[in-house]
Protein chains: 2
Amino acid sequence: MPRVGLDPAAVVAAGAALADEVGLANLTMGLLAERVGVRTPSLYKHVSSQEDLNRRIAALALSEAADAVGGAIQGYAGRDALAAAARAFHTFVLEHPGRYAATIGVEPSSPDDPLATASRRLLGAFTAVLRGYEIGESDMDHALRMLRSLWHGFATLQVANGFQWSTDIDESFEWLIAFADRGLRTV
Amino acid sequence: MPRVGLDPAAVVAAGAALADEVGLANLTMGLLAERVGVRTPSLYKHVSSQEDLNRRIAALALSEAADAVGGAIQGYAGRDALAAAARAFHTFVLEHPGRYAATIGVEPSSPDDPLATASRRLLGAFTAVLRGYEIGESDMDHALRMLRSLWHGFATLQVANGFQWSTDIDESFEWLIAFADRGLRTV
DNA sequence: CAGGCTTGGCTAATTATATTAGCTTTTAGC
DNA sequence: GCTAAAAGCTAATATAATTAGCCAAGCCTG
């Protein structure tokens, strides 16, 4: 029987894609094995456990999100950068809900954990956005936490279908960008 | 053997308490059964499945949160009401992380689902807060979504230990209240 | 107060899933 | 070609949810 030729990266990539399709909660080792064309136990040659798989998917997701946000703000500053970052992040979560969900609740084990690195990169992109505003040193951390809370909260609520009523959601998102911009301007 | 004398409400209450203690992900039917003093299958006399249990815990959590927020804003308006609501919500999530987690991803099946009722009550409390600001009709839904995103995002990130660095988290929370207040004042 | 019905609890069995053990075969490097 | 690590497989184990079917407790009625 010919080998499939998997490696950890391929397994994680397939796991992330599958999580986006069926939802993280429905991502089982059996389903993933079927997807990549091996029997379930064979996956354990590449990831050590489902938790390990989840962590690696989370690291991939944060790294991709950092690339998306970092790329989107290139050449922009101030409100333009804020809007570009917010939209890039939002789009990423809507298009990759499963892998983004994997990032919730995972904690880096050490500062050189790929998870920590990716997380820092994403944070760094939003820090860059904040440099376009007149924000005092002591307010930076608070402002960064505000942005994270706002975009994370909005995206996770939207993905979970938490916004029930009929008002257009994209319109609300643009409203939030304007709100955050105005607020950051007067910190 | 004497009967334990359970009923659905008691099972759900115990489930919510256990979720807060061990985390929603670790809440198993077996663990809950042990906690309330019966064998696992007996739980099915009171809840129809684990998903049903989760929905009921979510409805309980939203109802309690609505009570907490609704009670906290009594007699306040404007910034005081905003701060009271935000703090009450935040405290609730920090003290009841498991049951609050149960609310994420559940959707009411019908408008008279207890889940929908509780959800509307919580939303209503925040709507009352917004009435203390000069907000146009067309901005209300957006502002409400902004508040939800902000407080939901902050609380879930904090509970998941998502705020790594050393800056005091409570200080950031108060900063967010001030930020939201200023912003709502200039909508 | 006895008889019987409803209810809540139990044991046993089924299914799904993660994980481990141990075997076999491919394949890269010499 | 030879060998050893890597990658796959089958079989087995453990945990969890769920269902089936049994039985006793306790209430309601006569």
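To find a chain, count down the sequence lines: A is the first, B the second, and so on, and within it residues start at 1.
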Return all side-chain donor-acceptor pairs below 3.5 angstrom for residues 37-47 of chain B, not counting sequence neighbours, or 'none' if the list is empty.
residue	atom	partner	partner atom	Å
B/S42	OG	B/R39	O	3.3

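- Grouping the Ile, Leu, Val, Met, Phe, Trp and Tyr side chains by contacts below 4.5 angstrom, directly or via other members, places A/L82 with B/W175.
- Screening residues 68-88 of chain A for side chain to side chain donor-acceptor pair (under 3.5 Å) gives A/R87-A/E174 as the qualifying pairs, with residues at least two apart or on separate chains.
- By the 6.0 Å contact criterion, CD on B/E34 is open, its count of non-hydrogen atoms from other residues, nucleotides or ligands being 12 or less.
- Of all heavy-atom pairs spanning A/A116 and A/P111, the tightest one is CB-O, 3.6 Å.
- Look at B/S42 and you won't find any side-chain N or O under 4.0 angstrom from OP1 or OP2 of C/dG8.
- A heavy-atom distance below 4.0 Å to DNA chain C is reached by none of the residues of residues 17-37 of chain B.
- In this model, a side-chain donor or acceptor of B/R3 finds a partner on the base of C/dT7 within 3.5 Å.
- Rounded to whole Å, atom P of D/dT18 lies 19 Å from atom CZ of B/R39.
- For A/R145, there are no salt bridge (charged side-chain N to carboxylate O under 4.0 Å, His left out) partners two or more places apart in sequence or in a different chain.
- For the segment residues 99-106 of chain B, the set of residues with a heavy atom within less than 4.0 Å of an atom of DNA chain C is empty.
- Remark: P of D/dT10 and OH of A/Y44 are 16 Å apart, rounded to the nearest angstrom.
- Across all non-hydrogen atoms, the minimal contact from A/A88 to A/A68 is CB-O, 3.8 Å.
- Checking D/dA17, C/dA18, D/dG8 against every side-chain atom of A/K45, the shortest atom distance belongs to D/dG8.
- Within residues 46-53 of chain A, the residues that place at least one heavy atom under 4.0 Å from DNA chain C are, in residue-number order, A/S49, A/Q50.
- B/E171 is linked by a salt bridge (charged side-chain N to carboxylate O under 4.0 Å, His left out) to nothing, counting only residues two or more places apart in sequence or in another chain.
- Pairs passing the side chain to side chain donor-acceptor pair (under 3.5 Å) check and including a residue from residues 15-28 of chain A, sequence neighbours excluded, read A/D20-A/H96, A/D20-A/R99, A/E21-A/R35.
- Checked against the 6.0 Å centroid threshold, A/F89 and A/F154 do not count as a close aromatic pair.
- Annotation: side chain to side chain donor-acceptor pair (under 3.5 Å) contacts involving residues 120-130 of chain A, sequence neighbours excluded, comprise A/S63-A/R121, A/D67-A/R121.
- Under the salt bridge (charged side-chain N to carboxylate O under 4.0 Å, His left out) criterion, B/D139 pairs with no residue at all, not counting sequence neighbours.
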Quick test: give all pairs of protein nitrogen or oxygen and nucleotides 12-15 of chain D nitrogen or oxygen below 3.5 Å, distance rounded to 0.1 Å.
none

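- Shown here are the salt bridge (charged side-chain N to carboxylate O under 4.0 Å, His left out) partners of B/D168, two or more places apart in sequence or in another chain: there are none.
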